[in-house]
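This report refers to the structure that appears directly beneath it.
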There are 4 protein chains.
Amino acid sequence: MSKVQRQHAGARATGARKPRTKPAEVRRDDLMDAAARLFIAKGIDATTIDEIVASADVAKGTFYHYFAAKTDVIAALRDRFAQGFVARVQAAVDACPAGDAVGRLCAWTAAAVGAYLDQFQLHDIVFHDFGHDRRQSAEHDAVIDQLMTILAAGIQKGTWSIESPRSTAIVIFHGMHGVVDDAIAAGSPDRAQIIDTLSALFRRMLGDGTSRRAERDSA
Amino acid sequence: MSKVQRQHAGARATGARKPRTKPAEVRRDDLMDAAARLFIAKGIDATTIDEIVASADVAKGTFYHYFAAKTDVIAALRDRFAQGFVARVQAAVDACPAGDAVGRLCAWTAAAVGAYLDQFQLHDIVFHDFGHDRRQSAEHDAVIDQLMTILAAGIQKGTWSIESPRSTAIVIFHGMHGVVDDAIAAGSPDRAQIIDTLSALFRRMLGDGTSRRAERDSA
Amino acid sequence: MSKVQRQHAGARATGARKPRTKPAEVRRDDLMDAAARLFIAKGIDATTIDEIVASADVAKGTFYHYFAAKTDVIAALRDRFAQGFVARVQAAVDACPAGDAVGRLCAWTAAAVGAYLDQFQLHDIVFHDFGHDRRQSAEHDAVIDQLMTILAAGIQKGTWSIESPRSTAIVIFHGMHGVVDDAIAAGSPDRAQIIDTLSALFRRMLGDGTSRRAERDSA
Amino acid sequence: MSKVQRQHAGARATGARKPRTKPAEVRRDDLMDAAARLFIAKGIDATTIDEIVASADVAKGTFYHYFAAKTDVIAALRDRFAQGFVARVQAAVDACPAGDAVGRLCAWTAAAVGAYLDQFQLHDIVFHDFGHDRRQSAEHDAVIDQLMTILAAGIQKGTWSIESPRSTAIVIFHGMHGVVDDAIAAGSPDRAQIIDTLSALFRRMLGDGTSRRAERDSA
DNA sequence: AATGAATGAGCGTTCATTCAT
DNA sequence: CATGAATGAACGCTCATTCAT
């Protein structure tokens with residue numbers, strides 16, 4: 001239906017509207033930051049576009065200049081999150097010598113626990129309605145691949161012997177999520193302890209000779 | 001065409017409406033079944049009360065006789081699901097001798113994988129918006145307790161030696177979820193293989209002498 | 001997106017909301033009447049649902065209880081208009097003896113001019129966006145059929161001889177519309193004169209012996 | 001994906017944007033052509049300025065260099081259409097000897113049918129929301145005047161005797177529109193036949209001796 | 001127990017128009 | 001001439017919930 005006739009009585013009336021133009025990237029980030037802040041604080045559904053634009057200090061139309069729909073910001077936030085997570089963990093892993101499979105897995109565990117603990121609120125937001133819940137996702141796949149690469153190196157060196165690297169990687173990733181979630185739910189999570197517990201479990205699951213010997217020795 | 005015309009055409013044609021009274025339990029289950037069907041088919045938010053009552057063939061007001069709000073059906077569905085899941089798994093576990101910790105864990109794994117595969121769609125629905133995502137939930141706690149009981153028996157018998165039974169239980173539970181999810185996402189899940197893979201991983205993680213010996217023997 | 005949480009703070013807050021239930025037909029007509037009034041006064045696009053419900057003194061939701069969308073009222077109004085037009089004209093035609101083809105055509109002309117003059121504003125509204133403008137429509141077809149029936153009777157009796165009854169009927173119908181539109185545009189339309197002028201033109205176009213003889217005589 | 005990303009990718013890739021200046025008339029016509037194309041394809045209301053400028057390959061602001069508002073393009077399109085229609089028909093009429101009233105009317109009918117069939121889609125667009133629908137318009141008046149001039153010549157020569165030339169002209173014009181519309185709606189319109197049918201009807205309506213004599217002879 | 005008409009606050013989205021560059 | 005980021009008023013529509021019958 002035609003809206004031509006009544007369009008824009010307002011814009012004309014306001015008068016002093018300076019464009020306050022910013023580089024597109026900055027504007028876009030402003031909007032994403034504002035959205036993330038509000039989504040975490042009150043949830044996605046309870047956050048209105050009006051609140052987002054108010055928080056980013058732009059007009060409503062500007063939001064739709066950068067995002068086609070509300071769901072688009074969520075997707076953008078998800079991409080940003082996933083990229084950051086993988087990059088952060090990878091950096092920690094790469095700080096270990098390429099040959100030290102056990103060290104790299106421990107580094108992965110420590111970095112993943114840390115990154116997840118630092119960002120779990122945003123994580124919950126951006127992965128809440130995505131795809132078939134937690135089945136299938138870019139972040140998920142990237143992390144699983146990351147883990148499988150570490151496992152493959154250890155297997156090749158003979159450090160570990162596992163039949164299904166993919167399933168193992170999945171158990172590690174989801175186990176990590178579960179244990180951290182449990183710690184968050186319980187109250188004040190102790191990072192060092194979570195990392196120790198998980199590292200021990202994972203190394204044992206991988207048939208790590210070191211952990212087995214340690215057990216035997218301590219027995 | 002307005003909704004009213006259709007409704008009225010029907011009402012008028014029938015003449016005297018019979019009360020069609022059903023036992024409360026049946027009505028309630030009808031509504032829950034209708035809701036579950038629709039929730040799975042189109043998602044919770046996209047399902048309206050109108051659709052639920054239409055599917056259950058009752059009037060709108062009837063819905064509010066049995067549930068105080070839309071969220072109540074979800075909660076009722078969640079309880080029904082959780083009870084069924086735990087009961088089904090427990091039955092399988094109890095089919096193993098009380099002393100056979102390894103057997104009981106394998107039974108748990110097999111039953112949990114089976115139950116989850118059979119119900120994952122409903123699972124996704126009822127746990128989607130619950131609490132802080134997957135942190136904290138009745139089902140979760142019940143299952144973790146169930147697992148911890150199995151682990152405790154094995155630890156006491158000396159079959160397994162683990163430091164953090166709770167974390168171990170969580171890794172098992174979430175690992176199972178993750179691997180099954182991955183199989184669902186991949187296409188046609190092979191139950192037997194999933195169960196074998198998981199059982200092997202879990203036994204190794206528990207420091208199961210049997211699995212270790214098996215490894216050594218095969219080496 | 002879920003609106004469950006914020007739903008209906010208002011309904012609860014208002015307190016005293018008496019249902020003021022009316023028979024569905026009456027409510028529906030109230031809404032249609034209010035819509036027609038506003039559509040004529042300010043145009044369809046400029047009329048908001050808010051105005052319609054305010055004018056009909058019901059809540060916004062009530063509108064959507066009876067009509068699925070704004071376009072639905074227009075369609076309902078169109079049906080009501082078309083039925084009324086055809087019925088009114090047919091009644092006038094049927095007041096003439098079945099054998100008097102000329103009389104029936106004159107009756108058609110007079111009644112159509114009258115009905116159109118009485119309702120042209122609503123006519124403009126309801127047929128404005130319909131189909132391919134004025135090509136193809138239920139009302140159009142019904143009226144053309146009505147006219148063709150009259151013509152067919154006259155042809156069979158030998159009163160008229162025309163090759164293309166359909167085209168003739170269309171010229172009559174559209175000619176009538178055009179002349180009445182012109183009279184409306186010009187200012188105060190004189191019904192009797194319009195009817196006389198049109199009747200004379202149409203009878204001549206039909207090769208009406210009467211009109212031809214009249215011409216010859218007056219010559 | 002946000003619009004901005006796409007836009008920027010393009011803008012950035014191109015680097016220095018060439019001014020791509022065109023003569024004002026050409027730009028204006030480009031915009032009108034783009035608008036006409038889109039209006040016909042999706043309707044006026046459904047066509048946005050964004051789409052028009054995208055189709056004409058200019059920036060949004062450029063549109064407002066040439067037209068003060070969206071309605072202005074429609075008006076410009078209407079003028080262009082009306083001028084073209086009248087000119088085309090007039091040229092055909094003027095190809096007949098000034099004294100041959102019947103020939104000139106036939107020429108008018110043939111040319112009008114042809115022009116309308118060639119342009120009915122644009123016709124529908126530009127006259128859709130104009131004035132009181134089809135009552136009153138520049139094109140309308142110009143065509144009616146054109147027809148009345150032809151009729152006046154025939155009346156003066158004694159070829160025709162009609163009391164209300166204006167009403168007759170209107171019936172001819174609207175009758176033509178109606179019959180062509182009907183043919184369009186019916187499917188593949190046969191121009192020659194439409195023209196023959198209309199010419200016969202119109203000549204009879206005008207009391208054309210030729211057509212009357214032809215009838216008598218064939219009887 | 002069952003019905004279904006009525007409610008109404010609220011939100012996402014659209015898009016013509018402006019103007020600094 | 002040309003650009004395109006920014007504006008913001010306006011509106012259709014949804015749907016959980018109530019309550020008189």
Side-chain angles (χ1 to χ4, degrees), chain A residues 1 3-14 17-24 27 45 48-50 53 58-66 68-71, chain B residues 3-4 7-8 11 17 19-22 24 27 45 48-51 53 58-66 68-71, chain C residues 1 3-14 17-24 27 45 48-50 53 58-66 68-71, chain D residues 4 7 11 17 19-22 24 27 45 48-51 53 58-66 68-71:
Chain A
M1 307 242 153
K3 277 149 197 166
V4 174
Q5 345 276 359
R6 48 182 142 68
Q7 276 293 327
H8 239 212
R12 233 190 314 260
T14 321
R17 273 167 311 98
K18 53 193 172 216
R20 299 179 305 109
T21 307
K22 274 194 193 181
R27 261 289 130 76
D45 291 344
T48 68
I49 304 292
D50 272 314
V53 297
V58 295
K60 209 166 189 173
T62 304
F63 178 90
Y64 287 94
H65 195 63
Y66 290 94
K70 192 182 185 181
T71 49
Chain B
K3 295 162 188 165
V4 147
Q7 291 168 352
H8 266 240
R17 283 161 292 96
R20 297 180 308 107
T21 307
K22 274 194 192 181
R27 262 287 130 78
D45 291 347
T48 66
I49 304 292
D50 272 312
E51 289 168 329
V53 297
V58 295
K60 214 164 185 175
T62 306
F63 178 90
Y64 287 93
H65 267 304
Y66 292 96
K70 191 184 184 181
T71 49
Chain C
M1 305 237 153
K3 278 149 195 166
V4 174
Q5 346 276 358
R6 50 180 143 67
Q7 274 297 326
H8 239 212
R12 234 187 316 260
T14 319
R17 272 169 311 97
K18 50 191 176 220
R20 299 179 306 111
T21 306
K22 274 193 193 181
R27 261 288 130 77
D45 291 344
T48 67
I49 303 292
D50 273 313
V53 298
V58 294
K60 208 168 190 170
T62 304
F63 178 90
Y64 288 95
H65 194 63
Y66 289 94
K70 193 184 184 179
T71 49
Chain D
V4 148
Q7 290 169 353
R17 283 161 291 96
R20 297 181 307 107
T21 307
K22 273 194 194 182
R27 263 287 130 79
D45 291 346
T48 67
I49 303 292
D50 272 311
E51 289 168 329
V53 297
V58 295
K60 214 164 184 175
T62 306
F63 178 90
Y64 287 92
H65 267 305
Y66 291 96
K70 192 184 185 181
T71 49

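In what follows, chains are A, B, ... by sequence order, proteins preceding strands, each numbered from 1. Below, all heavy atoms of this structure are taken into account, side chains as well, without hydrogens, waters or symmetry copies.
Checking the phosphate oxygens (OP1, OP2) of E/dT13, a side-chain nitrogen or oxygen of A/Tyr64 falls inside 4.0 Å. Contact check, A/Tyr66 against F/dA5: no side-chain N or O comes under 4.0 Å of OP1 or OP2. In this model, the phosphate group of E/dT3 is approached by a side-chain N or O of B/Thr62 to a distance below 4.0 Å at OP1 or OP2. Considering only side-chain N and O atoms, B/Arg27 lies nowhere under 4.0 angstrom from the phosphate OP1 or OP2 of E/dA1. OP1 or OP2 of E/dA6 has not a single side-chain nitrogen or oxygen of C/His65 nearer than 4.0 Å.
With sequence neighbours excluded, no residue satisfies ring-ring contact (aromatic ring centres under 6.0 Å, His included) with D/Tyr66. For D/Tyr64, the ring-ring contact (aromatic ring centres under 6.0 Å, His included) test picks out no residue, with sequence neighbours left out. Under the side chain to side chain contact (heavy atoms under 4.5 Å, CB included) criterion, C/Val58 pairs with C/Arg27, C/Leu31, C/Val53, C/Ala56, C/Thr62, not counting sequence neighbours.
Mapped onto DNA chain E by nearest heavy atom, C/Val58 and D/Asp50 fall at different nucleotides, with C/Val58 at the one closer to the 5' end. DNA chain E is contacted by both A/Ala69 and B/Ala24; B/Ala24 maps to the nucleotide lying nearer its 5′ end (nearest heavy atom per residue). Residue whose closest nucleotide on DNA chain F sits further toward the 5' end, between C/Gly61 and D/Gly61: D/Gly61.
As rounded to whole Å, 15 Å separates atom P of F/dT18 from atom NZ of B/Lys70. Per the geometry, CG belonging to C/Asp45 stands 21 Å off P belonging to F/dA9, to the nearest Å.
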### Query
What pattern of brackets, bars and dots sums up DNA chain F from 5' to 3', given Watson-Crick or G-U wobble pairs under 3.5 Å, [ ] for crossing pairs and | for another strand?
.||||||||||||||||||||

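Note that NZ of A/Lys70 and CD1 of A/Ile49 are 5.5 Å apart. Values are rounded to the nearest 0.5 Å.
Among the nucleotides E/dT13, F/dA16, F/dT3, the one closest to any side-chain atom of D/Ala59 is F/dT3.
For a distance-only test at 3.5 Å, the side chain of D/Lys60 qualifies as a donor-acceptor partner of the base of E/dT17.
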